[in-house]
Structure formats: C-alpha cells, structure tokens
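In what follows, residues are counted from 1 in the order of the sequence shown. We count ligands from 1, going down the list as the structure has it; atoms in each ligand are counted the same way.
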Amino acid sequence: MTANTKSPITTFSRRQFIAACTSLPLLVKFRFEKPFINSVKGRINASDLGVTLIHEHVLVDFIGADKISADRWKHEEVIAKVLPYLLEIKKRGIKSFVECTPAYIGRDVLLLQKLSEKSGLNMLTNTGYYGASDNKYLPAFAFTETAEQLSKRWISEFENGIEGTTIKPGFIKTGVNGGPLSEIHQKLIKAAALTHLKTGLTICSHTGPALPAQQEIEILQQCGVSPAAFVWVHANGSHDEFQKIGKSGCWISLDGVNEDNVEQNAELILFLKQQGLIKQVLISHDAGWYRPGEPNGGEFRGFTTISDQLLPLLKSKGFSDADVMQIMVVNPANAFAIRVRRI
Ligand SMILES: [Zn+2]
C-alpha cells in the first residue's frame, strides 16, 4: 500500500466509534465516568485510542534478567532504527501501539515516551514479570517474594510511576510456560490478580496453548477476578478450545500475524465471528524486536501486514466495516480501559 492509498482502517469517524461503544454494555457503565487508558504520555480517554495494534515490541533484550541493563542500548540508535516503522503505520491510520516488553527483558519507558512523541502514536507500557522461557527473565527476588509482595511492586508502578519516572503502566504483562503452570507461574498470576483488583489494569499473559490459559483463568477466578480482565496472549489451540475458553469471556489475542499466516488468521477470525466471539478478539503482529548486542539492532520486523494484507483479505471474505472497527478500535478500547472487573 502506498502513502496515498486510503487504508481500510482510516475511515471511521469519532462519532461512529462512540456510537459503537455506547451499544456495548461494558462501556455503558461508564456513562458518567469516562473510561480511560494509561499511555506513556499520560491518561487518555478510551474513545481516543483509535485503531490499535495491541501486541508489538520496540526492543527486546534476551540476555537475561541477571545481566540486563539499559546501557546496553542507546536511545538515539534505537530511535533511528525504529521510528520509520512507526511512521509507516501512522500513515496507515494506526493511532495506538501497545508495547508488550516487560521489565528485565527490555522495557524502557523513556525510550517509548520519546518514540511516542516523535511518531505521534499513543504508546502503552506495562508492569509485571515474564516467567516464560523457564524464568530466564525473572529477577532473583521474584523467586523468593510472595504474590502479595510482587503485586505491591506492580501496584507501586501504577500509583507512583515506573523506575523514577511519572510514566504509568497501561496494563499488566506476565508470561508463563506452555505446559501446566509451575508454582512460580501460579504465583505470578496470583500477583497479577491482586494488582488488577487494586488498579483495574488488564492482565495480558504470554501463554500460548489452551491448558495454561485455562489454569490462569481459574486462578484469577479464585481471586475474584473476571476473565474479562484477562488477555490470552499468543492464543493457540483447536477450534473447540477457542470456543471453550472464549466462553469464559476472556480476550483472545491472535497476535502473531505475519506474511506467512494471513490466510490462517483470517479463517480463525471468521470462525470466532461465527461463534459469536468477535467482541473478544484482539489482533496484532508481535513484531519489531530491536535486539541490543546485534549490529544495528539486528533484523527488525515491521507492523504493516494487518493493514496491508489481513484486513483486505477479511473484507474480501465478507467481513464488514463494522467488524473491522470492532477488532481494531472497539475491542482494544474495551480491553485496555482501566477498571476493576470482578466475577
Ligand atoms: Zn510479544
């Protein structure tokens, strides 16, 4: 798509967005109190989030929690590399970018704030710890502290800002391995539940298969948290599993869209629509990944496949403008609007 071509996702007016939202019971509750979202530049109205990529990365450092430090990369160099990719999606009508890199694996909120200012995109960052990859990205204290202690750290980031800044998290990000949940991963999810109950932040958990997703949802429910506060990240499973877990009311994040799986993702989205689950579907690329330590940050993957390939394909298969609006605008706003969701 060239810069002059009108993207299929730039055609929604603010009025259409508000009309779509007010038909949703979730947001009707907020008639007197506008739902809001935390971006790295401060609080924004959920209705201003606009077309959103809900799971992407600017920079990821795989060196491990014991060795990571922010002097492994330079802001100017990362910005020079990444900014053109952000401007590319801005041109296509994307307004907001949810950056899903947790602490100890490359979260850099000041870098995100600079990129948000330079690109004009809203950016969201997170609090929480990533236990997937067999705990390589967990700080030492995460092994010994209780769920309550960990949640206090995350709540403090929400209340006071992250790492001495005034930047607040827009959501909780955790990560678990793909099998049955280990004890420490159960603890991370409990900490996320406690943080949610205090802050209203949505919980996005790197998960993958249905089994750990089901177990995470059970822990949240035991803590009194509604599955509507949970995003099943990298959702992967059989159609039956999508139906079963989708029934809980959780968000289903099909966040691995790339040039090789556009058709497959389109089919799955259409299936979820048929099942009446379209109001729970989130889509993104899980792309980006400037890698410190590699020459010029290594190979960086851009964020345009959804605009340029997936949405046109969905439309050719009968997806309406309202459906596109639902998954690109309304669902992200509902998913990330900050409010406590109890069972
Ligand atoms: Zn990711």
Salt-bridge test for Glu267 and Lys317: reply yes if a basic N is under 4.0 Å from a carboxylate O, no otherwise. yes

Do any of the N, O or S atoms of His206 sit under 2.8 Å from the Zn ion (ligand 1)? no

Regarding Lys190 and Glu148, does a basic nitrogen lie under 4.0 Å from an acidic carboxylate oxygen? yes

Backbone or side chain, does His55 get an N/O/S atom under 2.8 Å to the Zn ion (ligand 1)? yes

Vertex the Zn ion (ligand 1), rays to NE2 in His57 and OD1 in Asp286 - rounded to 10°: 80°

So Trp232 and Phe242, ring pair (Phe, Tyr, Trp, His ring centres under 6.0 Å) or not? Walk me through it. CA-CA 10 Å; Trp232 174 17; Phe242 274 110; 5.2 Å; yes

Is the NZ or CZ atom of Arg153 both under 6.0 Å from the centre of the six-membered ring of Phe141 and within 45° of that ring's axis? yes

